[in-house]
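Step one of this worksheet: look at the structure below.
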Amino acid sequence: MHNADYLSREALERLGFASLGEHVLIHPTCVLVGCGRMRIGSHVRIDPFCVITMSAEFVIGDRVHISAHASLLGAGGITIGDYACISHGTRVLSSSDDFSGPSICGPLVPPEWRHVVTAPIQVARHGVLGANSVILPGGGLGEGATVGALSLVKAVLEPWTVNAGVPTRVVGRRDREGVLAEERSLAAQLRG
Ligand SMILES: CC(C)(COP(=O)(O)OP(=O)(O)OC[C@H]1O[C@@H](n2cnc3c(N)ncnc32)[C@H](O)[C@@H]1OP(=O)(O)O)[C@@H](O)C(=O)NCCC(=O)NCCS
């Protein structure tokens with residue numbers, strides 16, 4: 001027995017996504033705002049208690065996993081490439097109040113009184129964001145880049161690098177050829 005069922009296909013279609021692939025699992029405890037701006041690929045899973053509120057385009061590729069308690073939001077737009085993983089408790093922020101300027105902060109202040117920093121965020125194919133990490137507006141992951149747990153991403157990380165820290169630094173290199181060979185093998189196996 002368990003109580004962790006995902007939304008049915010019918011329930012997903014009622015949400016009115018801009019596009020919706022096959023084999024998509026989204027848990028009913030997720031809060032999704034702006035589904036009409038969301039394009040979701042195939043073989044995607046979004047786990048319990050995620051909050052995705054988009055006032056710009058949100059695009060998820062194929063075979064993407066968004067783990068529990070992740071928050072993805074903002075007016076800058078977010079793109080998540082094929083095979084990317086967004087781990088537990090992460091925050092992907094494509095807009096944020098300016099915390100150091102003279103403006104008042106928060107969504108309850110009229111917009112003309114706020115200074116919101118907005119920039120698109122891309123987590124490219126095979127990007128992996130470690131648990132409880134944060135991407136600020138203008139940050140992102142190049143293809144195959146990974147980020148350790150509890151890290152802060154303020155810039156676009158180089159492809160196939162392993163990164164960690166606050167802010168991140170490069171702590172290693174990922175096996176690009178190995179990962180791409182695995183991808184080819186998986187595709188061949190799935191073709192039968
Ligand atoms: C970043 C990570 C991948 C590095 O693993 P690794 O390749 O085995 O590297 P090491 O443990 O040898 O660490 C390399 C360096 O990075 C530092 N480092 C590793 N992880 C770090 C982290 N999360 N934050 C800050 N620094 C970190 C190490 O202290 C070490 O520094 P040094 O060279 O100055 O001694 C791993 O530590 C990590 O954080 N994985 C994330 C796991 C996760 O979030 N999973 C989610 C569920 S799937």
Side-chain angles (χ1 to χ4, degrees), residues 2-7 21 23-32 38 40-54 58-74 78-94 96 99 119-187 189-190:
H2 67 82
N3 69 342
D5 286 335
Y6 291 84
L7 291 170
H23 306 289
V24 173
L25 296 174
I26 298 179
H27 197 265
T29 57
C30 295
V31 175
L32 305 178
M38 298 182 188
I40 314 252
S42 293
H43 301 278
V44 167
R45 202 177 92 199
I46 304 179
D47 283 345
F49 305 110
C50 288
V51 177
I52 304 177
T53 61
M54 296 306 302
F58 180 64
V59 181
I60 304 185
D62 296 335
R63 297 194 185 274
V64 169
H65 180 212
I66 300 181
S67 302
H69 293 278
S71 308
L72 301 95
L73 54 93
I78 297 173
T79 305
I80 314 255
D82 301 342
Y83 300 102
C85 292
I86 307 294
S87 296
H88 295 76
T90 51
R91 315 288 172 214
V92 181
L93 312 174
S94 71
S96 165
F99 282 17
I121 290 180
Q122 182 184 24
V123 175
R125 308 178 83 250
H126 293 293
V128 184
L129 184 63
N132 287 308
S133 291
V134 176
I135 307 180
L136 293 179
L141 277 62
E143 186 183 57
T146 61
V147 174
L150 293 167
S151 297
L152 178 67
V153 181
K154 296 179 68 176
V156 178
L157 305 178
E158 289 297 317
W160 304 102
T161 52
V162 178
N163 305 269
V166 179
T168 54
R169 65 186 173 92
V170 175
V171 299
R173 301 272 156 199
R174 198 163 173 211
D175 179 356
R176 175 179 182 274
E177 296 315 317
V179 172
L180 295 181
E182 289 274 295
E183 182 187 336
R184 286 192 295 275
S185 303
L186 174 61
Q189 190 186 71
L190 292 171

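Numbering of ligands and ligand atoms starts at 1, following listing order. The shown structure was predicted, so the numbers you read here are calculated from the model rather than taken from an experiment. Reckoned from all heavy atoms, side chains included, excluding hydrogens, waters and symmetry mates.
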Would you say atom 26 (N) of ligand 1 makes contact with the protein, given that contact here means a non-hydrogen protein atom less than 4.0 Å away?
yes

Is there a protein heavy atom less than 4.0 Å away from atom 29 (O) of ligand 1?
no

G178 to D175 - nearest heavy-atom pair and separation
N-OD1, 2.8 Å

Heavy-atom protein contact below 4.0 Å for atom 7 (O) of ligand 1:
no

Contact summary for I135 and I121, nearest pair of heavy atoms:
CG2-CD1, 3.7 Å

Would you verify that at least one protein heavy atom lies under 4.0 Å from atom 35 (O) of ligand 1, or report that none does?
no

Shortest protein heavy-atom distance from atom 4 (C) of ligand 1, along with the residue and atom involved
V162 CG1, 4.3 Å

Does any donor atom in the side chain of D47 or H65 lie under 3.5 Å from an acceptor atom in the other side chain?
yes

Parallel, tilted or perpendicular, as decided by the 30° and 60° cut-offs, for the rings of H126 and Y83:
parallel

Decide if the gap between the ring center of H43 and the ring center of H23 is smaller than 6.0 angstrom.
yes

Taking C-beta and beyond as the side chain, do L150 and V166 meet within less than 4.5 Å on heavy atoms?
no

When you measure from atom 22 (C) of ligand 1 to the protein, is at least one non-hydrogen atom found at a distance under 4.0 Å?
yes

Is the shortest heavy-atom distance from the side chain of V64 to the side chain of V123 under 4.5 Å?
no

Distance to 0.1 Å, residue and atom name: give those for the protein heavy atom nearest to atom 17 (C) of ligand 1.
R169 NH2, 4.0 Å

Among S87, A164, G130, S133, closest by any non-hydrogen atom to atom 20 (N) of ligand 1
A164

May I ask you to test the W160-R173 pair for a side-chain heavy-atom distance under 4.5 Å?
no

Using a strict 4.0 Å cut-off to heavy atoms of G165, name the atoms of ligand 1 that fall inside it.
24 (N), 25 (C)

Just going by heavy-atom distances, which of V166, V171, T146 is nearest to atom 15 (C) of ligand 1?
V171

Within-cutoff protein neighbour (heavy atom, under 4.0 Å) for atom 38 (C) of ligand 1:
yes

Just to be sure I'm reading this right: ignoring hydrogens, which of A131, A149, S67, G148 gets closest to atom 1 (C) of ligand 1? Compare them by their nearest heavy atoms.
G148

